Amino acid sequence: GLGLTHRKAENFGEWYSEVVVNAEMIEYYDISGCYILRPWSMAIWEILQEFFDPEIKKMKIKNCYFPLFVSPGVLQKEKDHVEGFAPEVAWVTKSGESELEIPIAIRPTSETVMYPYYSKWIRGHRDLPLKLNQWCNVVRWEFSNPTPFIRSREFLWQEGHTAFATKEEADAEVLDILELYRRIYEEYLAVPVIKGKKSEMEKFAGGLYTTSVEAFVPNTGRGIQGATSHCLGQNFAKMFEINYENEKGEKAMVWQNSWAYSTRTIGVMVMVHGDDKGLVLPPKVASVQVIVIPVPYKDADTQGIFDACSATVNTLSEAGIRADSDFRDNYSPGWKYSHWEMKGVPLRIEIGPKDLANKQVRAVRRDNGAKIDIASDDLVVEIKKLLDNIQQNLFDVAKQKRDECIQVVHSWDEFVKALNQRKMILAPWCDEEEVEADVKARTKGEMGAAKTLCSPFDQPELPEGTKCFASGKPATKWTYWGRSY
Ligand SMILES: O=C1CCCN[C@@H]1CCCn1cnc2ccccc2c1=O
């Protein structure tokens, strides 16, 4: 049969793997942790890119392309923090039958690839700001459980790498980019996220501070980092001698940022909106927003029905709506309904003899199953309203579910209870790293330990004297905690 064999609420992992395959987004590949992105998911990546790329161009950020290969020397340059990541670095050691003199790393990220050239290109203050981005793949040979889109050994992303004369410029850009990431999630993927700052333990070790947008998957009770925007401070400038002669003729080091979102965004959307019929696509990222299906009746005017379907697709397409028809004669209408529901198409239009006679179409919503008869004269206006309503409804439902999973706690016992209830926990914290390490140690288990997700920029009131939930010391900030991907 066409349906899923696993229910989202019963076996999330199996449900997810089945949805991404049955919706024809992913094909499993013969190398573990690698996946084929089929057109149905590549189209989503392209729609997100068509939003983000013009936005960074407005910020005078230019696209470039650096080599995939990293020479070992520069990779070790970041030894302080790269050692943590070293096991994930993939290496080329041979070409054909012969061993390479020196093994070459495949980029897991491009700081060490790009920054020796930033050092060469940035000599005077007129060379600043230098703002580059690249759309590429990166490889991280991870061993923890691979999951399509969420955790794969190769993935697509954009990585922005910018250099400024002042910290103020860098700080401002970090937040401008973070807002774009929020828009990707909330305006396109209809996924609510929380903007915040990572703890010292969770931040990018090579940087000064990390900001992120954090999503949450209610079914697994796990937080997931949606995208990151780091201020690197002058750490890499020091390491790679990226300095310049400032306007006073003094030698000064640049202030840098780096920021990325990846194909992980697609996986988060699948997890949040998908249901037991399959994928549910927010209209903004649906490559097909409306699928038109003929419902011919044995002796009815079949040609008239097909003509009405084609006219409907044309009218919608001319209005800028991504519409298609399914005229295949080897599948029944019922089979087609299930097929396009599995693929998450936001709206289905059925046209049968009655609809033809009444000069109307029957629209069926993928998000809530509602059936709406629309007069053909009102088609474009009504379909546009429906698509906007579906987009908003998906966000509202996801936000309501996510908010139901947020639990404010003030004590350790409340924290443990909430954690076991698969909540996203908001707790007052003393912001001490060893306390975070202690919480990790005390919550270790086969479900994974609790960790900080972020300290939200939008801080609730913290009354004088509030104690840290874990240490009892004076709390300095509210922080989200939880298990995570
Ligand atoms: O997030 C971003 C945004 C885009 C540019 N890079 C930063 C930081 C990447 C951190 N990171 C992540 N995995 C790694 C894996 C192997 C070696 C190095 C690294 C590594 O530096």
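Computation of the quantities below employed the complete heavy-atom set of this structure, encompassing side-chain atoms and omitting hydrogens, waters and symmetry-equivalent molecules. Model, not experiment: these values are computed from the prediction. First listed ligand is number 1; within each ligand, the first listed atom is number 1.
Aromatic rings of H230 and F204 (six-membered ring for Trp) have centroids within the 6.0 Å cut-off, being under it.
For the side chain to side chain donor-acceptor pair (under 3.5 Å) condition, the pairs that include at least one residue of residues 467-476, sequence neighbours left out, are E432-K473. Counting only residues at least two apart or in different chains, side chain to side chain donor-acceptor pair (under 3.5 Å) contacts with residues 161-173 comprise Y115-H161, E159-H161, T162-E173, T166-E169, K167-D171, D171-Y209, E173-N257, E173-W259.
For ligand 1, the atoms lying closer than 4.0 Å to a non-hydrogen atom of E88 are 15 (C). Taking a cut-off of under 4.0 Å to the non-hydrogen atoms of A260, the atoms of ligand 1 that pass are 3 (C), 4 (C). Against a heavy-atom cut-off of under 4.0 Å, T228 is close to the following atoms of ligand 1: 1 (O).
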*Mind running side-chain contact (heavy atoms from CB on, under 4.5 Å) on F415 and T443 for me, showing each step along the way?*
CA-CA 10 Å; F415 179 84; T443 56; 4.0 Å; yes
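With W412 as the aromatic partner, R442 meets the cation-pi criteria of under 6.0 angstrom to the ring centre and within 45 degrees of the ring axis.
Of the polar atoms of W157, none of the N or O atoms is found under 3.5 Å from an N or O of ligand 1, judged by distance alone. Any N or O atom pair closer than 3.5 Å counts here, and E159 shares no such pair with ligand 1. Geometrically, ligand 1 and E111 share a nitrogen or oxygen pair separated by less than 3.5 Å.
In summary, R182 and E179 engage in a salt bridge, as defined by a charged side-chain N under 4.0 Å from a carboxylate O.
Residue contacts with ligand 1, taken as heavy atom pairs separated by less than 4.0 Å, involve W259 solely via the backbone atoms N, CA, C and O.
Between F204, Y261, F85, it is F85 that holds the heavy atom closest to atom 15 (C) of ligand 1.
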